[in-house]
Amino acid sequence: MKEQLDLLQQKALSEIEDTHSVKELQQLNVTYLGRKGSLTNVLRGMGQLSKEERPVIGQLANQVRAAIEKAMEVKQATLEQIELEKQLEKETIDITLPGRPVNIGGAHILTSIIEEIEDIFIGLGYEVREGPEVETDYFNFEALNLPKGHPARDMQDTFYITNELLMRTHTSPVQARTMQALEGNRPVRMICPGKVYRRDNDDATHSHQFTQIEGLYVDKNVRMSDLKGTLNTFAKKIFGEEREIRLRPSFFPFTEPSVEMDISCKVCSGQGCSVCKKTGWIEILGAGMVHPKVLTMAGYDPDVYTGFAFGMGPDRIAMLKYGIDDIRHFYKNDIRFLKQFHNA
Ligand code: FA5
C-alpha cells in the first residue's frame, strides 16, 4: 500500500506539472482528491491492514494529500499569473498608433462676416439689436411709409402667413420697433443683423432667404454727410483702405433722400470686368435719411430729430470680400466649401 501511495503521489505531481490551464488543474483535483478519486480509492483498502500498519499508512496518506494539494496550489498561482499576463497583453493600448482625427467645427462664413460687421459698428458706438423674423404687416410696411396698396410694396415680393403676418422682407422693421421702444425722446444708434425672406427666384446673386444688417442713427443734427462718412469708414474697414465708395440716388419709401452705395470693384480695381458688369462698381446696400413720416409714426418730432438708415446684404459682402461667385454656396452646407473659411 505504501508503494501504491508513493506511485500515486509521483503520478499526481507529474500530471500537475504538465497542466496548462486552471480548468485542467481543477479536473486533476477531482481525479486525485475527490470523493471518488484515486487517493480515496487506495484508502479504502485500509481495513485489511494490521493495527500497527494503519496509523503509519494513515499518516503517509495525509502527507501524500498535503503534497498534492501544495503542488496544486503552487501550479494554480503560476497558471493564474500566466493567464493574467496573456490578458494584459491582449488589452494593451499601443500608444504609438496615430489617433483618430477629430473634426473641429467652425463658425459659418455668414456668421463670421456678420460678427466682423458688428465689431466695426460697435467700435463706432452702435448697439446690436434683434427683431422677429415673423413680422406684422404694420412694422414690415406701414410703419415704414408703405401703406396697404402702395406700389413700392411690389419691390419686395413677400411670403404672407395671414393678411397681417408675414416673413419679414428686410430688417428695416427693427428701425420702427427700436424707435417706438425709445418713445421718441432718445437718440438711437443701433444695427440689427438677421435673416430675411423674399419670393425671389434663386440665382447666383439672389436667394429667397438671405441676411441683412440694418443700421439706424437718429439724433439732433444728423446729416447726409454723417451717413456718407459712416459708410465710407465701414467700407474701408471691411474691404481695405484702397476701396472707394459711390452713392447713387435711389428710392426707398422710408428714406428721403435715398441712395444706393456701390463699392469699387476689387477684381478690376475699377477698370471694368465681368464681375462688376463692366461698370467698375458693385452695389452692396441701400440707405438714406429717415423719412419724416417714419420718424413721426414712431413718435419722434422731425423738426427736432433727424437720422439716417441703411440696409446691407452680408451675403453679397462676403461674396465680394472672398471672391465667391454664387450665393447658393452659403446655404448648401457643403463642408468642403465652409471649411475654407473657418479661420476667416
Ligand atoms: C432694402 O431691403 C432696404 N430695406 C434697405 C434700406 C434700409 C434702405 C434702410 C434704406 C434705409 P434692398 O431691397 O435693396 O433694400 O436690399 C438691401 C440689400 O440686400 C441689397 O443691397 C443686397 O445686398 C441685399 N439683397 C437684396 N435682395 C437680395 C436677395 N434676393 N438675395 C441676396 N441679397 C439680397
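Note that this is a predicted model, so its numbers are computed, not measured. Counting convention: from 1, in listed order, for ligands and their atoms alike.
- For Lys75 and Glu24, the salt-bridge test fails: no basic side-chain N is under 4.0 Å from an acidic carboxylate O.
- Between His206 and the choices Arg328, Arg198, Arg316, the side chain to side chain contact (heavy atoms under 4.5 Å, CB included) rule is met once, by Arg316.
- If you look at ligand 1, the protein residues with a non-hydrogen atom under 4.0 Å away are Gln156, His170, Ser172, Gln175, Arg198, Asp200, Thr205, His206, Ser207, Phe210, Gln212, Glu214, Phe252, Phe254, Thr255, Glu283, Ile284, Leu285, Gly286, Ala287, Ala309, Phe310, Gly311, Gly313, Arg316, Ile327.
- For residues 83-107, no residue pair satisfies the salt bridge (charged side-chain N to carboxylate O under 4.0 Å, His left out) rule, not counting sequence neighbours.
- Judged by distance alone, the side chains of Gln340 and Tyr322 never bring a donor and an acceptor atom under 3.5 Å apart.
- The side-chain tip of Lys321 does not point at the ring of Phe239 from less than 6.0 angstrom away and within 45° of straight on.
- Salt bridge status for Arg189 with Glu127: absent, with no side-chain N to carboxylate O gap under 4.0 Å.
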